[in-house]
Amino acid sequence: MTKEIIQTDKAPQAIGTYSQAVKVGHTVYLSGQIPLIPETMTLVEGGIAAQITRVFDNLKAVAEAAGGDFSHVVKLNVFLTDLANFPVVNEIMGQYFEQPYPARAAVGVASLPKGAEVEMDAVMHLPTQEYPL
C-alpha cells in the first residue's frame with residue numbers, strides 16, 4: 001500500500017516535521033491540531049471554548065481534504081492542559097459529531113505548542129463498498 005499526504009490551506013500549515021494527515025488505504029491519520037487560525041498562524045482568542053471550536057474546525061478541514069468528514073472518525077484523542085475543561089469539550093463536540101460517537105481518549109498534559117490549551121488528533125476510516133459506515 002502506498003501512503004498519500006493530505007494537505008489543505010484551510011487548516012494551519014505544519015509547524016514541524018509532519019504532514020497534516022497521511023492516508024494509507026482507507027485509513028487517514030490526522031495529525032494533532034492546535035487552535036491556530038490558518039490565515040495568520042496565530043492562536044485564536046476568546047478562551048477555551050474558542051480554542052476547542054477552532055481545533056474542531058481545523059480537524060474538519062483536514063478530514064474534508066482527505067475525502068471524509070467527522071462521521072468517518074473512528075478515534076479522537078484530546079489533550080488538555082486543564083482537565084477541568086473537559087465538559088466544554090463534550091459540549092462543543094456535540095455540535096460537530098452525531099451518534100454513534102468515535103472512540104475517544106482525553107489526556108491531561110503539562111503544556112502544548114505555542115501555549116495552546118487544547119490539541120486533538122484523529123483516525124478516520126473512509127467507507128468502501130466492502131466496508132460501508
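Worth knowing before you read on, the calculation uses all heavy atoms, side chains too, and leaves out hydrogens, waters and symmetry mates. Heads up: numbering here begins at 1 and tracks the sequence.
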Going through the checks in order, is the side chain to side chain contact (heavy atoms under 4.5 Å, CB included) test met by Thr81 and Val109?
CA-CA 5 Å; Thr81 58; Val109 297; 4.2 Å; yes
Please determine whether side chain to side chain contact (heavy atoms under 4.5 Å, CB included) holds for the pair Lys114 and Ile15, giving the CA-CA distance in whole Å, both sets of side-chain angles, and the decisive distance to 0.1 Å.
CA-CA 10 Å; Lys114 300 207 176 259; Ile15 57 174; 4.0 Å; yes
One pair to check against side chain to side chain contact (heavy atoms under 4.5 Å, CB included): Val107 and Leu80. What are the steps and the verdict?
CA-CA 6 Å; Val107 180; Leu80 293 162; over 6 Å; no
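Listed for the Gln33 side chain is no donor-acceptor partner under 3.5 Å among the backbone atoms of Asn58. Remark: side-chain polar atoms of Ser31 are paired, donor with acceptor, to backbone N or O of Ser19 under 3.5 angstrom. Remark: the backbone N or O of Phe86 is not paired with any side-chain donor or acceptor of Glu91 at under 3.5 angstrom. Although no hydrogens or angles enter the test, the distance criterion places no donor-acceptor pair under 3.5 Å between the side chain of Gln51 and the main chain of Ala116.
To the nearest 0.5 Å, the span separating CD on Gln95 from OG1 on Thr53 amounts to 6.5 Å. How far CZ of Phe56 is from CE of Met120: 3.5 Å, rounded to the nearest 0.5 Å.
For the side chain to side chain contact (heavy atoms under 4.5 Å, CB included) with Val28, the lone residue among His125, Glu4, Met124 that qualifies is Met124.
When all heavy atoms are compared, the tightest approach of Lys10 to Ala61 is O-CB, 3.5 Å. Minimum heavy-atom separation, Leu76 to Ala122: CD1-CB, 4.1 Å. Residues Pro113 and Glu119 come closest through the heavy atom pair CD-OE1, 3.8 Å. Of all heavy-atom pairs between Pro38 and Asp9, the closest is CB-O, 3.9 Å. Minimum heavy-atom separation, Ile6 to Gln20: O-CB, 3.6 Å. Across all non-hydrogen atoms, the minimal contact from Pro87 to Leu83 is CD-O, 4.3 Å.
At a cut-off of 3.5 Å, with distance as the only test, no side-chain donor of Tyr29 or Asp121 sits close to an acceptor on the other residue.
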